[in-house]
Amino acid sequence: MKGDPNKLGFSTRAVHAGQPPDPTTGAVSVPIYQTSTYAMDELGKHKGFEYARVQNPTRTALEENVASLESGHSGHAFASGMAAISAILTLVESGDHVVASRNVYGGTYRLFTQILERYNLTFSWVDTTSLDNIEAAMTERTRLLFLETPTNPMMEVSDIAGAARIGKAHGALTVVDNTFMSPYFQRPLELGADIVVHSATKFLNGHSDSLGGVLVAAREKEAEWFAFVQKSAGAVLGPFDSFLVLRGIKTLAVRMERHEVTGRAVAAHLDGHDKVARVLYPGLADHPGHQLHQSQATGFGALISFDLGSHESAKTFLDALEVMSLAESLGGVETLISQPATMTHASVPPEQRAELGISDGLVRVSVGVEDADDLIADLDQALARI
Ligand SMILES: *Cc1c(COP(=O)(O)O)cnc(C)c1O
């Protein structure tokens, strides 16, 4: 397309933002600039590109694209979601305090407790579904408020706008891990958050074929810091992975629509099944966060957790599935299913898992874009083995 796509709709921006036709050839697909360095025109004069850790045109296209979709100032792409989250935590200094949702991604919990606590940082693990709890946890040294909503795998919903107001009042930046919703359904910066982060490995890529992370800052101040962290710490996303994520995002809107329709059908089916003790999905009317989620997002997504009562039942069920793949990760076109207690959340201590409700019978499914009838038939035949 010609002109600036940034004024246009979400699906148009998903396809075009950050990706004008290649200036030298007109290629409509951003080339993979597989180069480590760039020749200078003359000493002291370069074309805006010096060295691939600092700039790469394929990565820049992805960063501009995600910044546009999240309504932010600028995007920064990293080698993984965890590398992006690590970069955000460089905003805090020794002695600072962070308030985090008690039920974040297991890897985030591990990073904060097993690595960052060694640097004289303190973390409060809070049930952020209540704004009163957030308010009560804030201290003079709180610099970051780190939220995930809905959480993984308990699907707890937190009020992004309310949390961001509390953060601002205490001089803390509000960060939202928006991996589960993608910018198609939820845009935290529009609700007042300061930084949004994604594991691009999940819905942004959408095809389970690359690892990556992207963060988007609302303002120039933090954006400049993150560019400096990319250059200085170096965990940047490579050109080929940047290309794969860009390619994935072109269909983000259509994939999310389909994930949503199929996700709702699967959740409704599980909800009525006599082998299933309970279903956690914000799209169900009896979910405690149903109303709040609807007020801040335009869809419920494709992540569903459900309890089969025991480890034995979960194992029998998971081993019997034929269409769904037993695998970590989520957000791909293929349906992935896992047991959080032994897989994604194995690094969370058992007592804490029990407190959070992550039982051994809990199963989490990331509904793909296959035919709903095939997925439901697969669930039914595996549930029948229990
Ligand atoms: C997967 C995931 C991460 C970590 O991302 P990686 O790309 O695996 O490093 C962080 N947050 C959430 C919610 C995730 O699902």
Side-chain angles (χ1 to χ4, degrees), residues 59 62 66 70 75-89 98 100-116 125 128 144 146-158 160 175-186 188 193 195-216 233 235-238 240-242 244-245 248-249 256 259 263 280 282 293 297 301-305 327-332 335-340 343-348 356 358 362 364-368:
R59 195 180 89 217
L62 171 65
V66 181
E70 284 286 7
H76 304 269
F78 292 84
S80 69
M82 290 319 305
I85 292 171
S86 301
I88 293 170
L89 269 290
V98 176
S101 297
R102 61 176 186 167
N103 181 210
V104 291
Y105 177 71
T108 303
Y109 181 81
R110 180 173 56 211
L111 171 69
F112 290 5
T113 57
Q114 295 191 43
I115 296 183
L116 297 176
W125 298 97
T128 55
L144 287 184
F146 191 98
L147 299 179
E148 226 175 88
T149 179
T151 59
N152 179 12
M154 299 309 291
M155 307 296 158
E156 292 177 342
V157 178
S158 297
I160 297 172
V175 182
V176 178
D177 182 335
N178 201 29
T179 301
F180 269 34
M181 284 294 113
S182 90
Y184 184 67
F185 285 140
Q186 181 170 276
I195 298 162
V196 59
V197 62
H198 286 275
S199 168
T201 315
K202 316 294 170 53
F203 288 105
L204 295 184
N205 169 287
H207 297 73
S208 306
D209 58 11
S210 80
L211 190 69
V214 183
L215 67 82
V216 178
V236 293
L237 192 65
F240 185 58
D241 294 290
S242 297
L244 287 173
V245 181
I249 290 174
M256 294 314 289
H259 279 299
L280 303 173
H293 185 82
L303 277 301
I304 305 163
S305 296
E328 300 223 10
S329 202
L330 58 101
T335 298
L336 302 175
I337 195 159
S338 65
Q339 183 197 34
M343 296 170 68
T344 48
H345 287 65
S347 61
V348 177
L356 295 172
I358 306 175
L362 193 75
R364 191 204 66 198
V365 61
S366 169
V367 176

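Remember, it's 1-based here, ligands and their atoms both numbered in the order they're listed. All values derive from a computational prediction rather than experimental measurement.
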Original post:
Any side-chain heavy atom of Leu116 sitting closer than 4.5 Å to one from Leu111?
Top reply: yes
Original post:
Does some side-chain heavy atom of Ile195 sit less than 4.5 Å from a side-chain heavy atom of Ile88?
Top reply: yes
Just jot down the ring-ring contact (aromatic ring centres under 6.0 Å, His included) partners of [X], sequence neighbours excluded, or say none.
{"X": "Phe78", "value": "none"}
{"X": "Phe146", "value": "Phe112"}
{"X": "Phe185", "value": "none"}

**OP:** Start with the C-alpha gap between Thr128 and Ser101, add the side-chain angles, then the distance that decides, and say whether side-chain hydrogen bond (donor to acceptor under 3.5 Å, both in side chains) holds.
**Re:** CA-CA 5 Å; Thr128 55; Ser101 297; 2.9 Å; yes
Can you list every pair where an N/O of ligand 1 is under 3.5 Å from an N/O on the protein?
unit_1	atom_1	unit_2	atom_2	d
ligand 1	5 (O)	Ser199	OG	3.0
ligand 1	7 (O)	Gly81	N	2.9
ligand 1	7 (O)	Ser199	OG	2.8
ligand 1	7 (O)	Thr201	OG1	2.7
ligand 1	9 (O)	Gly81	N	3.1
ligand 1	9 (O)	Met82	N	2.9
ligand 1	11 (N)	Asp177	OD2	2.7
ligand 1	15 (O)	Lys202	NZ	2.8

